[in-house]
Protein chains: 2
Amino acid sequence: MDSTAETTDGYQAWSEVTPDAARRLLVAAVEAFAERGYHATTTRDIAGRAGMSPAALYIHYKTKEELLHRISRIGHDKALEILETAASAPAAAAERLDAAVRSFVRWHAAHHTTARVVQYELDALAPEHRSEIVALRRRSDAAVRRILSEGVRAGEFDVPDVPGTTLAVLSLCIDVARWFNVDGRRTPDEVGALYADLVLRMVGARPAAGTAPKR
Amino acid sequence: MDSTAETTDGYQAWSEVTPDAARRLLVAAVEAFAERGYHATTTRDIAGRAGMSPAALYIHYKTKEELLHRISRIGHDKALEILETAASAPAAAAERLDAAVRSFVRWHAAHHTTARVVQYELDALAPEHRSEIVALRRRSDAAVRRILSEGVRAGEFDVPDVPGTTLAVLSLCIDVARWFNVDGRRTPDEVGALYADLVLRMVGARPAAGTAPKR
């Protein structure tokens with residue numbers, strides 16, 4: 001996957017944004033924010049990248065912050081959906097944690113440009129938007145914490161510090177967006193598989209019934 | 001530790017930078033880059049924060065990029081020193097990995113503002129400076145990989161993918177700079193202790209001689 005693919009991928013990822021001009025502007029904003037940072041980007045830069053005039057941009061977004069908020073909201077909604085889907089599956093805790101880590105990592109690798117903007121520009125959000133995003137982040141945290149707590153209760157996991165381990169698991173997955181390189185030697189799926197294994201070790205997962213016990 | 005403490009701490013951390021005016025400018029640059037991003041910061045902003053004129057800045061640094069390079073170089077030198085010291089200690093692999101993670105995490109928590117600039121503005125470095133920094137990062141990576149490989153050879157660790165696990169260990173520690181909050185509930189030491197335990201689990205560390213075996 002090259003940077004064109006990330007852009008295309010990004011474009012498809014924003015399918016809920018209509019009309020087409022609003023979506024093109026959002027994709028252009030992600031690229032500009034990722035390259036130069038939020039504060040160094042002007043609405044004129046974004047309109048230019050989208051092949052539009054500044055006046056055409058204002059039809060869809062009143063401010064640059066509105067663009068960042070829209071990007072952040074869609075990214076955080078997607079993250080929450082991934083983690084809540086995994087947490088609610090009718091499966092053992094180890095299987096749910098494996099699925100949560102794999103899909104969360106895959107998203108951060110495949111959409112690393114968007115994920116960097118979403119993760120590193122939180123401070124640029126207006127206070128009311130920041131509160132809204134922090135609430136979504138708390139729910140993502142709660143989804144992972146729930147899997148760990150249920151795994152401990154079921155005797156599947158050995159986790160002395162559930163909130164701290166939750167934080168570490170999410171942090172490990174999120175940082176994939178920083179280092180992931182489309183020209184690197186691992187695909188998003190391969191990083192997902194590696195990280196799922198490392199996280200199951202972190203929580204001291206016992207092997208599922210039917211496999212040889214490790215202790 | 002509040003943000004003043006981070007600034008003070010940062011100021012002491014730059015003790016190798018002389019004269020005093022050059023050091024004040026470096027601390028001001030770290031704060032400005034962290035707040036607004038490298039591209040949105042001007043040398044005038046940096047001089048102003050340091051209580052100096054733009055002309056006084058140019059006595060010490062010819063360009064904004066020279067300031068970023070100096071910050072990045074000092075930060076990466078420190079990271080490498082921490083990891084190579086831990087890797088070279090005359091101790092078992094588990095003890096060396098524990099020390100490496102604790103001190104690397106402590107540094108990223110205590111100096112999170114500097115660490116964010118160092119980690120997130122790599123693309124803004126001039127090509128020759130970027131190559132120099134990438135070489136330092138490869139050596140940091142090698143120090144951790146060495147501990148893992150030696151642990152595997154000594155039968156202390158069970159690590160199916162040494163390069164991937166090395167990447168994950170460094171990534172976990174580096175991301176502390178993103179989420180660490182001086183008003184949060186954990187001190188840098190506490191995060192270091194938690195993370196050392198999680199990393200020892202990731203590598204399947206066997207208990208040291210003299211403690212009860214886990215398997």
Side-chain angles (χ1 to χ4, degrees), chain A residues 32-42 45 101 105 108 116 119-124 137 141 157-161 163-181 184-186 190-191 193-206 213-215, chain B residues 32-42 45 101 105 108 116 119-124 137 141 157-181 184-186 190-191 193-205 213-215:
Chain A
F33 294 158
E35 260 182 52
R36 303 266 307 165
Y38 175 81
H39 295 290
T41 300
T42 63
D45 296 335
V101 170
V105 163
H108 281 86
R116 284 179 202 170
Q119 295 298 337
Y120 303 155
E121 299 287 9
L122 285 178
D123 287 343
R137 292 173 80 89
D141 190 271
F157 296 163
D158 165 31
V159 182
D161 179 348
T165 306
T166 299
L167 176 64
V169 169
L170 285 167
S171 172
L172 184 67
C173 297
I174 287 170
D175 197 51
V176 169
R178 180 184 57 80
W179 64 259
F180 187 79
N181 178 353
R185 70 184 88 166
R186 292 168 200 272
E190 285 165 356
V191 182
L194 168 66
Y195 275 42
D197 175 59
L198 292 174
V199 166
L200 288 174
R201 288 164 168 246
M202 275 166 63
V203 301
R206 274 97 174 152
K214 276 196 189 155
R215 21 180 122 194
Chain B
F33 294 158
E35 261 181 50
R36 304 267 306 165
Y38 175 80
H39 295 289
T41 300
T42 63
D45 297 334
V101 170
V105 163
H108 282 84
R116 283 179 203 170
Q119 295 297 338
Y120 303 156
E121 300 287 10
L122 284 178
D123 287 342
R137 293 173 79 90
D141 190 271
F157 297 163
D158 164 32
V159 181
D161 178 348
V162 169
T165 306
T166 298
L167 176 65
V169 169
L170 286 167
S171 172
L172 185 68
C173 298
I174 287 170
D175 196 52
V176 169
R178 180 184 57 80
W179 63 258
F180 188 80
N181 177 354
R185 70 184 88 165
R186 292 169 200 272
E190 286 166 354
V191 181
L194 168 65
Y195 274 43
D197 175 58
L198 292 173
V199 166
L200 288 174
R201 287 165 168 246
M202 274 166 62
V203 301
K214 277 195 184 152
R215 26 180 111 190

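Letters A, B, ... are given to chains in the order of the sequence lines, protein chains preceding strands, and every chain is numbered from 1.
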| said: Please find the pair of heavy atoms, one from B/Arg201 and one from A/Asp158, that lie closest to each other, and give the distance. | reply: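 Looks like NH1-O, 2.7 Å.
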Is [X] close to chain B through its backbone or its side chain, or both, or neither, when contacts mean heavy atoms under 4.5 Å?
| X | value |
| --- | --- |
| A/Leu122 | neither |
| A/Val203 | backbone |
| A/Leu194 | side chain |
| A/Glu35 | backbone |
| A/Tyr38 | neither |

Mind checking the [atom1]-[atom2] spacing from [X] to [Y]? Nearest 0.5 Å is all I need.
| X | Y | atom1 | atom2 | value |
| --- | --- | --- | --- | --- |
| A/His39 | B/His39 | NE2 | NE2 | 13.5 Å |
| B/Asp175 | A/Ile174 | CG | CD1 | 6.5 Å |
| B/Tyr120 | A/Arg116 | OH | CZ | 10.5 Å |
| A/Met202 | B/Leu172 | CE | CG | 6.0 Å |
| A/Asp161 | B/Glu190 | CG | CD | 9.5 Å |

| message | As an exercise: rank B/Gln119, B/Arg178, B/Arg185 by heavy-atom pairs under 4.5 Å with chain A and give me the winner. | response |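 Max contact count across the listed options: B/Arg178.
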| Choice from B/Ala168, B/Ser171, B/Gly37, B/Pro160 maximising heavy atom contacts with chain A below 4.5 Å |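 The answer is B/Ser171.
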| message | Whether B/Asp123 and A/Arg36 form a salt bridge (side-chain N of Lys/Arg under 4.0 Å from carboxylate O of Asp/Glu) is what I want to check. | response |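 No, this pair does not count.
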